[in-house]
Every structure is written in structure tokens, then in C-alpha cells.
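Worksheet for the structure shown next.
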Amino acid sequence: MLAAQSTPDKEFEQLIVAFCCNWCSYAGADLAGTARRSYPANIKIIRVPCSCRVNPTFILRAFLRGADGVIIAGCHPGDCHYTSGNYFARRRMTLLMSMLSFLGVDKARLRVEWVSAAEGNKFAEVMTSFAETIKALGENVKLRDLRCKK
Amino acid sequence: MWQEGTAVDLKTTITAKSLKNIFFPQIENLLAFERQGQKLSLEQKQLPAEKTIAFGVRACDIASFNLLDKVFLKQPVDHFYQARRENCTLIGLACSEPEETCFCRTFGIEPASPTADAAAWLVGDDLFWQPKTTKGEELTAAIKDLFTEAEGGDKIVAEQQAQVQALLDKMPLAGFALSDEECSKQAEIFESEVWEELSKTCLGCGTCTYVCPTCHCYDIRDYEVNDKVERYRCWDSCMFSDFTNMAGGNPRTTRLARFRQRYMHKLVYFPANNEGAYACVGCGRRLQKCPVSLNIVKVAKALGVTKNV
Amino acid sequence: MQKIGVFVCWCGSNIAATVDVARVAESVKSIPGVAFAADYRYMCSEGGQELMQKAIKDYGLSRVVVCSCSPRMHEATFRKAAQAAGLNPYLVEIANIREHCSWVHKDKEVATAKAIALAKAAIAKVKLNTPLVSGESAVVKRALVIGGGIAGLQTALDIAEAGYKVDIVEKTPSIGGKMSQLDKTFPTLDCSACILTPKMVEAATHENITIYTYSEIEKVSGYVGQFEAVIRKKARSVSVDRCSGCGICSEKCPSKKAKSEFDQGLRNRSAIYIPFAQAIPNVPVIDRENCLKFQTGKCGICAKVCPAGAIEYEQEDELVTQKYGAIVLATGFEPIDMAKFGEFNYEYCPDVITSLEFERLTNAAGPTQGHLVRLSDGKKPKSIVFVSCVGSRDTTERGKTYCSKICCMYNAKHAMLVKEKYPDIDVQVFYIDVRTPGKSFDEFYRRAVEEYGVQYTKGMVGKITEEGDHLLVHASDVASGAQLSVPADMVVLATAIKPAADARKLATMLTASIDTNDFFTEAHPKLRPVESPTAGIFLSGVCQGPKDIPETVAQAGAAAVKVLGLLSKDKLLTNPCVATCNEQTCSGCLACEKVCPYGAISAEYKLVNVKGLKERRLIAQVNEALCQGCGACTVACPSGAMDLKGFSNKQIMAEVDAIC
Amino acid sequence: MHLTEKEEAAEILRISGVKADNCMQCGKCSAACPAGAKMDILPHRFVWELMNGRVNNLAASNTLWQCLSCFTCSARCPRGVDPAKLIEAVRLSVIRKQGENRLNVDELPAEIDEMMPQQALVSALRKYNK
Amino acid sequence: MQKIEQLIKEKARDLLAAGQVTSVIAWQKGEMFYDNAPGYFDNTEELDALVYNAFCAANLSKYLIANTKKDEKTAVFLKPCDTYSLNQLIKDRRVQREQVLVIGIPCAGMVDINKVKAQGLKGIIGITEDGDNLTVETAYGTKQVARAEVLLNKCLACKGSAYAVSDETIGEPMAVKHAPYDRFAVVKELESLSPQERFAFWQEELSKCIRCNACRDICPACSCEQCLFDNPESPLAGKANNNSAEEQLFHIIRAYHVAGRCTDCGECSRVCPQGIRLDLLNRKFIKDINEFYGDYQAGADADTNAPLLSFDVDDVEPGAATKGRE
């Protein structure tokens, strides 16, 4: 049975995947850009039409491939461009987070945030605070496919 | 793998999972290759070289290794299997309390006298030991101070063997025997309409193939890992829907076809290619583990290839 | 093998300053499938697009990745450019290395590494792009305008003039909105009713315009070109056809204790009332809360006295369903509530009033027939103080952070009107900054000071207290540094303005974006100020942000032109990134149909050929016209049969793999 | 170490934690200040001076001692600036420079003069018992 | 249970003889007495192989999927807990209700042969039921065993004798006598552990998985035409777990797919050849759904919307939900 051991070769370089919904949080990220708000560079944003497009298998795949943290940003409940998208996303992510925690994976590695198109500052703050949480948690060794880590 | 300090359980007659994975593990990386520009570098995984001892192997599992040898050691030889097989000394342990699902005698296997590198009998607290092959001799020599000459050992062992035979005769599957002549009528069995009825309730899950000690099918896949590609081998089951996915399509699309193939391989095709040796050792794991209790005994009876003994 | 062209944009220095664009182009060259990679100073410019088109032709590129600014900015531009070069526009992917990289990371090394990672993700995704063709959906040649103020009227008139049908839905019993409450309007001081009433009549009589007053929007569904709105026509309890507007019923009505909303509560009105003289339609409405007939079942005098027999107590709310191609939001504004501003003593001193109440006082049709008198004792005031920025420019949670823009002008207007009619009244205005920008506005304000002797004092009013029969205004004169306690007979507060109360409810209904101050967010503050990001929804008037009447009318016209741009098309290109169901793996459980917000999924029995086996199965079908591409169904589908074109499971997985 | 006036002003702003730059000089704090009449430098000008790096005239002003710390100005300020805290900060910096205290505690007369307004007693205690 | 078997045989004979149904689904005798298997009975002669005793745990509702595709009428004998699965299949449109004749049969709790063996009994030849005890006849002598001690885990969490859906019923409802049992007890216990201990528990438990897919293929809620893991197109297809991450991945996704549709019938952990406690994963989801979105029993009826296919405007926020339970 392969024990998952972490190999802290070089200074731990965290890798965070952010799924941002095109209408709100992606626009919030753009606004954070235009306002020149900075946040850690190891956060990489994937654009999805709505937070309800994020399939838990994408998140598990990201963890499997070595992501240390995954954050899903969507519109504030009620403001979704597709009326009910983020409500479904909210339920799906609540159950997924609870199950990951049940399996012993640190719950804080997966986070859901509601950021509107007008909240550039909040986007930058959320990303910075998430990066700090992940740095504190250290490298993700529990859900990582040992063959895939670079 | 046994580590220091873990208790040894010799009581259970048959293990849940078969022992084939000590020679033919469920997943195994065969080789890896990498492309630098136009050059392709090949990295052969070195063959497992560590010496191992398998203690407490039942007669049926030992017989299954002989069947697996017929597959993996025939040309072209599977080096990985061969390396593991040669580096391992098998010590058979005779059955003292057979299960009701055991029918190893149907295939001419003596539960009480295992034919491994060395045989052992556990009677009460003392263990009787008898080396059989050169490897067995070497091992016995290496640990000879553990042994004391057992006088009258044969008598006690023979007594246990008789006892086992008597117990087995009481079992429900005692009278189950296959007629070689019936099993060789390949076309007739293939056309039999019994398959329809039998295969209807099969789930097509693959438990029987993975717990069976003699099943040896595997799938090879290339796994893209960053800029390297690893070729790895893993068990596969003929019961899975995509088992025979080929370039041209999938010849066995219905569950009936897959179900029939599984049993015909055990009862008909394998004996035809291997001098009449059935691809089954009667360990009974399938009888216990199949979710819908389908097994070779029921199929054989339905096909009418049994003979009464 | 794909032939991918990668174009890395400098964006002048916006990207090139913190991202080594040459190294990005260089490092992607080694990725299998990339046939061409180059960096260019301005990819969105003429030259940039030509570079791309030339490369597509010369290298026979099958896919294009542009590493530049946000796709929300120039995705359309690059797609058109690719299309012009003969490549399907949906084979272009954008890597956002400006807003998400160069602008937010200072260290060049780090930013370049991230840009390369984002480029790799885009390349991984573009390999799996499939050529898509936009579908078409018909456009209903009818527009809906929500709100009957000057903004709604102007937009409706401009649309109707172009020959399209327009419906106006107004919440209050009459169109006219806040402008109908004003006395004079700046900068020309012409009477508000004189310039508004003709527009109201024009709208009422225009054959292309239908007006629903005393009505609200119940529900809106559908999407651009195919909206469907349900309008709730609240029961007026008066028959619009038979009523002649004689007003006898209002006179005779015994219940007079309701406060008139039109007069900002400065006088009462009867339960059956016409809000103001020039109201259109000139038909009264029964306010059921205050009507004795509805509350106690007795009375019924109005029915008896009505010469035309137009009173219909049993009238019920009526739901009208109507299809529209475009919807314009013109919901206007309201003054903020003074409850949190105790220091001005608004609730206890009747002589401390808001500017809108002042408008009613000076209006000839107002409660005092235009005579400027104190509300406490009815006497003529000898001195009036105007206070600017009450609740505006306030970063605490009491007020609004923004400047309400119109108060400085109407303060000067009020000051001049008082001085012109009653030269002996002392008028003082306390201000922080007088903001009267634009054509002839500053001259207007200076005229109040130089010709009419209005006293402007720079300094915010701190507190208002009562002293005997007059008020004491405590302020400071920031210029001289002195503390003032100015006696005043009347104080007018220029309160901040906020969007109408039900703006947020409408935003949810229309899925239009709305900001934290409840103003509707425009698609782009500079380039698309009159459109909502939600296609087919347009913004007219103060609902989009504080503005005065000239700007409102200008923006109303602009919104109308945008609507005409939409309605003039017979067919609209629909978004091709819609869901699609793989018949081979669909097990017909229709979990997708339950999560689809647009009801775009139905089910049909079809003969499906799965690996040679023909079977009759229930298969989910996507109506490509209704589907908006949110993707909820793709996750609800356990077998992965439902996928989304443009954002397919494999594409997103490829991006995740490329990033991790 | 001897700070220039500009540095001292910046230091006071830092200690008080007040974001003086938010001030738009609307004068509402001075308008509502109950002790404003007797102050030579009204609160809004107090903030203005500090914003522009001048503190000496503030240290010499009587505002420091007239201010009753009733915090009306801070409550009313529409920009969330806290003038009372700035006045307090300057007052503290003055008190800490020994010898410049206005009144020594033991100089207070034994029995308190009944004409002394209650408010003055309270603010005096606030000022001295720091 | 003997007389119930007789009633079932008569019922099946009448139905087949009258041609009301083309086939009947029930249990048929196996080689030993405890390995009864689900069986299709198309004519009355086959009926003597029909059996109903303490070893008929298999949930027959999933077999209806195949039959209702061939628009024939099928009769099926369902225990109370199986009827929930049928409701779920009807809700997922995998079974056409009008082509199924559901006959509810009482159940006094099914016996787990491994628990019998765990009591030290080997070489079992026969078991007879009398009242609350079982006499077990083995090659080494006979022994008395109390039924309550050898019940299947899933019967300990029996949902009562009511049928969620049935056209007709046979016999009187029987109660399952077992010690009081909280089906979430183990889940709660696991939740109280530290993340490290939980991870170790699951890594140990899931490492036994040999990916034989029995859990997926027996599960009535897992009824896709082609499963995600078999579909070469899907990026998650895979035949074996290469490391602990992939083991967890397979089980999280399998449990997630049936979340809100799992009726807690317990078949997955019954058939797992490696004895992995898979029902704990499903019960964790059920416990969460009950806690966050109100008690929900999948299959209680055939129309209420599954929790993951509906929403409420003021649902709990994802982060908050797991606060406090580190």
C-alpha cells in the first residue's frame, strides 16, 4: 500500500486553481486587475460560464494532479446570471466539502466564495487570504496522485 | 506482506482474495519512455529480485500457480512473473477444516497433501514439515535448527488426511465432477440455449474474475505523466463491457456473450489448449463472493457436463 | 495534429511591463501542436489582427490562442478577425495575462511564469475546441419599458417613433414620475409641468405605446429577443373607459386621512384620488387600505355620486402576459430616508423639510398653492437656509458614498426662485463644494450669487435646534474658521437620492447585475453605459446612476437607439455554447431537466444504435434556442452524457491538467 | 532624536491611527462642537493643519484643553475621520513633553470651587490621569 | 418464512398461468442452502426452484430495468426495503411503473452467512429456522444460533415493515427483532476523530478495494447505461487504483453520484468481496442531507425532487456547514 509521503525538496511552492464564473467573479478578477490590486501569483483562474458548471470531478482531478487548494468563486446567491446556478453549486460544494473532511482531507483546501462583478477589492482579499491558508496547511499529500506531481 | 509482529492466522481455510497477486500484481509499471526532441529514451523497469517465502499456501492455490505457469511461462515468457515466481519458495499447508464451498478434489487436487516446494501439516500445535523440491531442500537446510526429527509423523499426517477426505465427503459439493468428454463438445456447448437463462441475472461486475486464482487477463495502458509516458499493466475482467473494445468495435456487446465466454474459457477452451487441465482449482471463492451466487458448479450442472461419481 | 498559432500581446506596456512577452512566445513554441508563436505590441489593433490573419493563411492554422487582456474585453474582436481569415470563430481561445497576471503581479519573473502557465492552459483547451455555429432565434418586435417617469417616457417615445410597439409599466396611478412633482427645472427655469405634460400626452396618444399604470411586473422569463413578462394590473376599482375624470368622487369621499404621496405627505388625500391634475390617465384609484367600503363594508358614496357609474368595487387584479424582444429599466429614484440623520431634527421640526417637499411648497398645484409659507405657523419665512450634501458623500453606513450630482443645481434654482418671488427673504446655502459642471451650469449658480444675492457659506451644517419660534442652524464657516449659529425660519435639506425600492427585486427577476448601492450595473462604464451585461436589458435614467433631467433624456434616447438596434434584426445569433446530449450514454433519467433554469430540456423516445445494438430509449433533448449555456445539467448528469459546447468536460479537464 | 515638524505631524497621525486624508474639509465637526466657540483652532482646521504637516500651532492652541472629548465630531463626521482622537493625540504628545503641562495636579485647590462646571472636572480628570 | 414461500409460489403460479405477466422475478435455490440467487421464472415448471428463506437479501428491483425495456409485464416480489429502491428507479425513469406488478412480501430480517461462520462454524451443510433461533447443521456437529446476532448489517437499520410501493401484499408484516441501532453511530464516531485518524481509517479501508465494480453494479441507484468509469471518452475512466488518491477518487465519485438517490439499502457493503464499509460513505451523505436540507428518505415516494436536484434560497453556506466538526 503506497504511503503518501511529502517530499519537501525545495521551498514549498503552493499551486491553487480558481474556478471563476464568467459573469461575476471573473469580472471581479478583471476589476481587481484594473484596480491594480495584487494577490499571490500561484493562483490560476479557469473561466466557467457559471459556478454550477464546476463538476466535483474537476476539483478532485485538480487535487489528484497536485493542486494544493481549489477555490470556486461565483455570484452572490440571488444575483446569478442564470437565476439558480449558484444555488445548485452551493449544495454540491457543501456536500463535497463535508465528504472531503469526512475522508480526512483538510477541509480548508476547498473553498467557496461569492464575489460580484463590482467587488474587485474583495476578490484580491479573498485570494490573498486563501493563499495564506493554503501556505499554512502546506503541500497537499493526501489526495495527490504520486505519479503526476512534477 | 508480513511484517514483524503481525499475528499469523492459520485457521482460515481460504483467503478472500486469491494469492495470484504475489506473482501477478493488480498494477505493475512495465516501462517508461520519454521524448527529447526527436530522440526517444526507453527506461525498462528492473525485474523484482527480492527473495520471498509464501507460507501457508493451500493446495488449491498451489495448483492455481501451476495453471498460471502454463500461461505466463509459455513462450513468450512474462519476465516479471517469472522473476517473482523463481524468487519465491512456496510452502503449502494442508487443509484440516475444509469449507462447504471447497471442491478441489473435482480437479484432482489433494487438499491434505500440497505439492509445493515444501509441504506442512498443522496438527494440534505442532507443525510437520516435508521438503519436496530443491528450493524446499535449500530452505529446510537454511533453517534446519528449527526442526526436530518427527518420529511417527507420517502416521499422524495420514490420519489427518483421511479425516479431511471424510469431511469433504459430507460436503454438498462432494459428488461434483466434470466429464472431460462432455466438456470437449465445444460447438454444442456454445449453441446451448441454457446461457440465456443463466446469464440473465449476472451483473457483469468482475468480482469472480478478480478473486479467482486462475484468472490471468490483463489490460495494458499508457499513462501520460508530465513529459514522460508510463506503460502499466493492470488486471482486467472479461465480464466488463469494454473488455473486448478493439479498433474494429466490440465483438462481445451482450452480457450473454461475455458470461458464456468466461465459463467456456474455464471449462472448454483452456483444457483444449492445455492438455485437458481445467482452468479452475475448486477453491470456492467465487461461490462465496458472487453477489448473485452464480458459479461454475451451477453452470456445469445446467450445461450437463458433469458426471456422477 | 492541430496547427495552433499563439499570439502574445504587449498591450503597449500594460503586459510587457511585468511579463517577458518574448519569453512567453518562445516557451510555447516547444509545445506539441503549436505551429506559430509571436508577440506583437497591440494585438487588438488593425496591425495585430492582420498579423493573425496572415499567420492563419500562411501556416494554415487550425486553432488560435491570443494571450492578451480579458476575454470579456476582446474575445469578440479576435473571433471576428479569425472568421475574416476563414477560421471558425469558436476555434479561438484567450489567455488573460493582463487583468489576471501582469496587472496583479509585480515581480517580472513570477508574472512571466504565470503567463506561460495560463498560455499552456489555453493551448490545452483550444486543442479540444470544436467549430461551432451560432443558432438563430426570432426577435419579438415589441419593447417593454419598466417605469413611467421622464426616462421611461422618452425611451418609449423614441422607440415608438421608429415604428415599434412599446408597453410602459408604471407602478403609481399615473405616469410622470418624480419630474411631475417638480415646480421649475434648471438650468432654464421653465416650468416642469409645461415641458413634461406634452410628452405624457404624446405618449398616451401614440398608437404604438400602451401604458399600464398602477401596475407592476410579476415575473419575467426567457432571454434576449424572446422575453416573456407577466404584468400585474392592480385593480383601480374604477372603469377607465367610463370615467370622465370629473373628480366628484374625490370631493365627496369621506375618508380624507391618507397622506398624499404625490405631495410628499404635506397634505392629505381622499381614499379615491387622482394623484395630480395633469395625471394620465386622468382616472382615480381607490386606495383600499383607507377606503371605508373595503375596510368596513359600509359607505359606497363614490359609486352613488359618480355620474358615469364608473366605480367597480369588485374589480380584481389582472395578469397580462406579453412577449418582448427588449426590456428597458427606467425605475428612477427616491430621496433617502432622514431617520438616521437625527442632528437635523427633521422629524421634530416641521420647518425642516427636504428639497422635494420644498418643490411641492413652491408648486402652484401644491398644498399651499405655491405660497411659500412655514409649515409650523403658515407665516411667510424671513430667512431660509439650504443645506447641501445631506447623506451624500458619506462613507459611514448612515448615508451614500456617492455625490447625488443634482442637488447643487437645484439648491441654486430654489435659492433664485425664492429671491425672485420674495426679494426680502434672506437665503443662505451651506455647501462643501458647489458642483455645477457643464454648459451654462456654473453661470446659473453664479447668477444666484451675483444677481440675486444668495449667500453661499462653505461649511457643513452640524446641528439644527429650535429656539423660540425659529430654528438655529449650527454650522462652521470653513473659510474663516468661525463657528456660526444662524437663525432661520425654514431649513431645506438637499437629501441624497437612491434607486427606487424594488430595483433589486427587478434585477433578480431579469438577472440584471446590480451594485451594492442598488444602481443597475452597466455593461461597461465608458463604452456601454446604457446596456446591462445581460443581453436584451437596457438602462435609462437614474436607475443606472444619479443624473439630472438633461442627461436622463439623453440617456433615454441612447437606450432607445440600442433597443432599435436589437428590434430591427429579424434574427438574433444565439450563443452557440449550449448543452448537448450524447445519445449513446444518456440513460434518460432526466436529472438534467430538473436543474435547467430555462426549461430547455425535454425527453423523447428514440431508436439508438449502441455498439450494434438497436434499442428504443428515452433520451434528453436540448432546445438550443432556450439553452443559455450555464452548465448546471452537465454536473447533474451522472454518466457525463450531457456536455457543454465551448466548455466541455474534456476541455476543462485539459485546462486543469495543464495548470496542475 | 529631534523630529522636524513634518515628521512629528506624521508621527502623531500614525499613533492616533486616524486616516486624516479622508477629510474633505466639510466643517461638520466644527459646526457640531459644543466647545467650538472657545477654541482658537476649530476641529476641521485642526485636521487640516495635521494633514499639511503643521503641528506646532496646534500644540500651542487652546483647542487641546477646550476639547471635552465628547466625540460628537467623530460621530457626525461623514468621512469616518476621528478629529477628537487627533486632538487627544496632540494633547498627549504635549503632556509627554515634560514641563509644558498646563496645570499640575497638586496645584488644584484643596476644596473644589463650586462654580467649576461639572464638565470641566470630568475632562480635566481625563486629561491628567493619563 | 416457510409458509410465505408457499404463498409466493402459489401467487406466481396463478400469475403465470393466467398470463397476467410474462415473467416473475424472485429468488431461486443455489447449490448450498444459503446462496440463493435472484432468478427469472418464465413458466410454472421452473417455480419449484423458487425459494424464500432467511438468505434472500438480494434487492431484485434493479432487474426490472432490463424487462421494462422489452414492454412486457413483469411481476416482482419485493421486501419492504427493496420497495424504496424501486421507487427511486421509477423516479429516475429507469423502470416504467405500469409494466411492473409489485407484490410486497414481509421480511423478518435476513441472515449474514459470514456472521454465522464468525461464530466458529465451518463446513455448514444446512440451516433451519425456528422462531427467533437458527439450528446450523455442519460437518462438525450442529449448533443453535440466535437470529438477532447474525442479521445482516443492513437489516439492523431496517426501515420498518411498510412497503413504499406495492400493488398487492402477501402475509402479515413481520418486525425485525434486533438491538436498538443508530445507523449513523459509526459515522458520528468517525466524525469525532481527528482528520489524521480519519484519513488513516479511510486509507486503510479503501486500500483493500480491487475495483471489481460489484458495489456499482448491484446498486439500484447506479443505473446509468454506460458508467463514467467504463466510458473511454471520460477522463476518469480507469480499471485499477494506482495509488490511494485514485482509490478515494473512485469511491467519492461513486458515493457522490448516488447522493440524494441512495435509499440506504446496504447492498453495496453486503456484496463487497473485500468487506469495505461502503455504506458509511453513503450514510455520511444521507446524514449531511438530513442535517442541511431536512430529513429526506430517497425512494419514500416516486416524485419528490432529489436534494441535489433542487435548492432553497437560504441554504447553509458551504464553509459554515462543516464548522465545528473538524
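Protein chains get the first letters and strands the later ones, always in sequence-line order, with residue 1 at the start of each.
When heavy atoms are compared at a cutoff of 4.5 Å, A:Asn22 approaches chain C by way of both its backbone and its side chain. The parts of A:Thr83 that come within reach of chain C are both its backbone and its side chain, each placing non-hydrogen atoms under 4.5 angstrom from that chain. Contact of A:Phe19 with chain C is made through the side chain alone, with heavy-atom distances under 4.5 Å. Both the backbone and the side chain of A:Thr57 come within contact range of chain C, judged by heavy atoms closer than 4.5 Å. Neither the backbone nor the side chain of A:Ala124 comes within contact range of chain C, judged by heavy atoms closer than 4.5 Å. When heavy atoms are compared at a cutoff of 4.5 Å, A:Asp30 approaches chain C by way of both its backbone and its side chain. For A:Cys80, the part lying near chain C is the backbone, with the side chain staying farther off; criterion is any non-hydrogen pair under 4.5 Å. Both the backbone and the side chain of C:Thr508 come within less than 4.5 Å of a heavy atom in chain A. Residue C:Tyr223: no heavy atom, backbone or side chain, is found under 4.5 Å from chain A. When heavy atoms are compared at a cutoff of 4.5 Å, C:Arg98 does not approach chain A at all. Looking at A:Val54, only its backbone comes within 4.5 Å of chain C, counting heavy atoms on both sides. Looking at C:Asn649, both its backbone and its side chain come within 4.5 Å of chain A, counting heavy atoms on both sides. Contacts between A:Tyr82 and chain C at a heavy-atom distance below 4.5 Å involve backbone atoms as well as side-chain atoms. When heavy atoms are compared at a cutoff of 4.5 Å, A:Ala62 approaches chain C by way of both its backbone and its side chain. Interface residue A:Arg37: only backbone heavy atoms are found under 4.5 Å from chain C.
Within the model, atoms CZ of C:Phe647 and SG of A:Cys50 stand 11.5 Å from one another, a figure rounded to the nearest 0.5 Å. Remark: C:Arg72 CZ to A:Tyr26 OH distance equals 8.5 Å, nearest 0.5 Å. Here the straight-line distance linking atom OG of C:Ser70 with atom CD1 of A:Ile45 works out to 10.0 Å at 0.5 Å rounding.
Of the listed residues (C:Cys577, C:Ala113, C:Ala632, C:Pro597), the greatest number of heavy-atom pairs within a distance under 4.5 Å of chain A belongs to C:Ala632. Comparing C:Ala122, C:Gly629, C:Gly646 by how many heavy-atom pairs each has under 4.5 Å with chain A, the most go to C:Gly629. Comparing C:Asn14, C:Ile652, C:Thr521, C:Asp515 by how many heavy-atom pairs each has under 4.5 Å with chain A, the most go to C:Ile652. Top candidate by heavy-atom pairs under 4.5 Å with chain A, chosen from C:Lys125, C:His100, C:Glu99, C:Arg504, is C:His100. Each of A:Gly85, A:Cys21, A:Ala27, A:Ser116 has some count of heavy-atom pairs under 4.5 Å with chain C, and the biggest count is that of A:Ala27.
A:Ser38 and C:Lys106 get closest at one heavy-atom pair: CB-NZ, 3.6 Å. Annotation for C:Val595 and A:Phe88: closest pair O-CE1, 3.5 Å, computed over non-hydrogen atoms. Nearest approach of C:Glu655 to A:Ile46, heavy atoms of both residues: OE1-CG2, 3.7 Å. Residues A:Pro49 and C:Leu644 come closest through the heavy atom pair CG-CD2, 3.6 Å.
Within 6.0 Å of atom NZ in A:Lys122, more than 12 heavy atoms from other residues, nucleotides or ligands are found, so the atom counts as buried in its surroundings.
The closest side-chain heavy-atom distance from C:Ile659 to A:Arg65 is not below 4.5 Å. Using a 4.5 Å heavy-atom cutoff, the side chains of A:Cys52 and C:Val635 are not in contact. At least one side-chain heavy atom of A:Arg53 sits less than 4.5 Å from a side-chain heavy atom of C:Thr634. Using a 4.5 Å heavy-atom threshold, the side chains of A:Phe63 and C:Cys660 count as separate. C:His105 has its side chain out of reach of A:Asn42: every pair of non-hydrogen atoms, C-beta onward, lies at least 4.5 Å apart. At a threshold of 4.5 Å between non-hydrogen side-chain atoms, the residues C:Ser513 and A:Asp79 do not count as touching.
For A:His81 (side chain) and C:Ala512 (main-chain N/O), no donor-acceptor pair under 3.5 Å exists by modelled atom type. Checking side-chain atoms of A:Lys44 against main-chain N and O of C:Ala121 turns up no donor-acceptor pair under 3.5 Å.
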(message) Using side chain to side chain contact (heavy atoms under 4.5 Å, CB included), reason through C:Thr511 and A:Trp23 one step at a time and then give a plain yes or no.
(response) CA-CA 11 Å; C:Thr511 72; A:Trp23 296 91; over 6 Å; no
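A salt bridge links C:Glu75 to A:Arg47: at least one charged side-chain nitrogen sits closer than 4.0 Å to a carboxylate oxygen.
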